[in-house]
Each structure stands twice: as structure tokens, then as C-alpha cells.
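Remember, it's a predicted structure, so these values are computed and weren't measured experimentally.
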Amino acid sequence: AKQWVSLKQGLKANQGTETVLIELNKLGLTPALISRLMRRYHEDTLEQLRKNPYQIITDISGVGFKQADQLAVKLGFASDDDLRLQGAILATLQRHQAETGDTYADARECFDQTLALLNSTRSATITSEALAQALVALGDSQAIYVKENAIYLYHDFEIEAQIALG
């Protein structure tokens, strides 16, 4: 009887995984990306993507803003959605860090590059005010840290502060 219950639970779990895989495939994701998403989020993959498709920019190595934005379009996210604006800011900071090796970006430069990124991937125009609100929201959630004219990914700021303290 115990084996039967265990077998039933196993089949039910596999059925759930199959359903997730089918849905991810319908979204046009590559098998390699689906595999990385499933390793990261497990059976919560679809739920996580529906909640915030831009989270994969920071959670999944090699995923950039444009790929996350294409997914967000398929999931019905508007071009002015706060999560989209926040995702673009984080992607801009990550790209800047990868290209320069710096742990922070000049605030004006980051702002301009983020606006350009947002306006290049969809036809709607994003206002400076909306982007400024997204910056504040990221600061409030401790995803970024703004100090004078510099914007840091929060984790990098913490590391720099610890190093400075010795």
C-alpha cells in the first residue's frame, strides 16, 4: 500500500512537471533556457515567470533584458509596467559592470542608457518620471543603492562597504 501511494505521488509530481514544460515550450523558450529555469525555480517556474519575468535577468546567467522582455510580452506585461522599468535598470547596471568592471554606474549615464534600452525594445515611450519612480522602488527594496551620483547593485555596495571597513 505504501508503494502504491508513493507511486501515485511520483506520477502526480511528474504530471505537474510535464505541464510546466509544455507551458514553457508554448512561450517559445529554448530547451536550454527551460532547463536552467527548472533548475532554479523547480515546479514554481511558471508562477515565478508570471509574477515577474524580469527576475530571470538577475537569477539566470546569460539572460538579458531583451530576452526577458520578449517573454514578458507573451505573458501580457505592459510596456510601462514597473517591473519592466526595474528590470531594465538592473540589466543596465549588470551590463555596465560586465563591460567596465566598475561596481557602480554614473547615475545620469545609467538613466540615459536605461531609457534608450526601454525605448528600443518596444514602441511605447517611457517617461523620465516613470523611470525615476522605478529607481526609487529599487532603492526601497534594497536591490540598488544610490550614493551621490553613483548607482550600485545593492549586493556590490555592501561588499565594497565591508572591504572599506577592513
Colleague: How many angstroms lie between atom CD1 of I60 and atom CZ of R39, to the nearest 0.5 angstrom?
Modeller: 8.5 Å
Colleague: How long is the span from the CG atom in L49 to the NZ atom in K74, to the nearest 0.5 Å?
Modeller: 11.5 Å
Colleague: Can you name the nearest heavy-atom pair linking P53 to L75, along with the distance?
Modeller: CB-CD1, 4.1 Å
Colleague: Of all heavy-atom pairs between A105 and H96, which one has the smallest distance, and what is that distance?
Modeller: CB-CD2, 3.6 Å
Colleague: At what distance, to the nearest 0.5 angstrom, does CG of L46 lie from CE of M38?
Modeller: 8.5 Å
Colleague: What residues, two or more places apart in sequence or in another chain, satisfy side-chain hydrogen bond (donor to acceptor under 3.5 Å, both in side chains) together with Q97?
Modeller: D156
Colleague: Return the set of residues passing side-chain hydrogen bond (donor to acceptor under 3.5 Å, both in side chains) with T127 (not counting sequence neighbours), or none when no residue passes.
Modeller: none
Colleague: Show every donor-acceptor pair shorter than 3.5 Å between a side-chain atom in residues 61-73 and any protein atom, with sequence neighbours excluded, or say none if there are none.
Modeller:
{"residue": "D69", "atom": "OD1", "partner": "Y54", "partner atom": "OH", "Å": "2.5"}
{"residue": "D69", "atom": "OD1", "partner": "R84", "partner atom": "NE", "Å": "2.9"}
{"residue": "D69", "atom": "OD1", "partner": "R122", "partner atom": "NE", "Å": "3.4"}
{"residue": "D69", "atom": "OD1", "partner": "R122", "partner atom": "NH2", "Å": "2.9"}
{"residue": "D69", "atom": "OD2", "partner": "R84", "partner atom": "NE", "Å": "3.3"}
{"residue": "D69", "atom": "OD2", "partner": "R84", "partner atom": "NH2", "Å": "3.2"}
{"residue": "D69", "atom": "OD2", "partner": "T121", "partner atom": "OG1", "Å": "3.1"}
{"residue": "D69", "atom": "OD2", "partner": "R122", "partner atom": "NE", "Å": "3.4"}

Colleague: Could you go through I151 and L135, starting from their C-alpha distance and side-chain angles, then the distance that decides it, and tell me whether this counts as side chain to side chain contact (heavy atoms under 4.5 Å, CB included)?
Modeller: CA-CA 9 Å; I151 302 175; L135 270 167; 3.9 Å; yes
Colleague: Hey, does the side chain of S141 reach the backbone of A137 with a donor-acceptor pair shorter than 3.5 angstrom?
Modeller: yes
Colleague: Which value, rounded to the nearest 0.5 Å, describes the distance between I163 atom CD1 and E158 atom CD?
Modeller: 12.0 Å
Colleague: Between CZ of R36 and OG1 of T45, what distance do you get to the nearest 0.5 Å?
Modeller: 12.5 Å
Colleague: Got L85 and D80 here, is their nearest side-chain heavy-atom distance under 4.5 Å?
Modeller: no
Colleague: In Å, rounded to the nearest 0.5 Å, how long is the span from CZ of R40 to CG of D59?
Modeller: 4.0 Å
Colleague: When Ile, Leu, Val, Met, Phe, Trp and Tyr are grouped by side-chain heavy atoms lying under 4.5 Å apart, directly or through other members, which residues fall in the same group as Y152?
Modeller: Y104, Y145, Y154, F157
Colleague: Within a reach of under 6.0 Å around CG of N119, are more than 12 heavy atoms found that belong to other residues, nucleotides or ligands?
Modeller: yes
Colleague: What residues form a salt bridge (Lys or Arg N to Asp or Glu O under 4.0 Å) with R50, not counting sequence neighbours?
Modeller: none
Colleague: May I have the list of side-chain donor-acceptor pairs in residues 109-117 shorter than 3.5 Å, sequence neighbours left out?
Modeller:
{"residue": "D112", "atom": "OD1", "partner": "R108", "partner atom": "NH1", "Å": "2.9"}
{"residue": "T114", "atom": "OG1", "partner": "T92", "partner atom": "OG1", "Å": "3.1"}
{"residue": "T114", "atom": "OG1", "partner": "C110", "partner atom": "O", "Å": "2.7"}

Colleague: Please determine whether side chain to side chain contact (heavy atoms under 4.5 Å, CB included) holds for the pair V20 and I34, giving the CA-CA distance in whole Å, both sets of side-chain angles, and the decisive distance to 0.1 Å.
Modeller: CA-CA 10 Å; V20 170; I34 290 172; over 6 Å; no
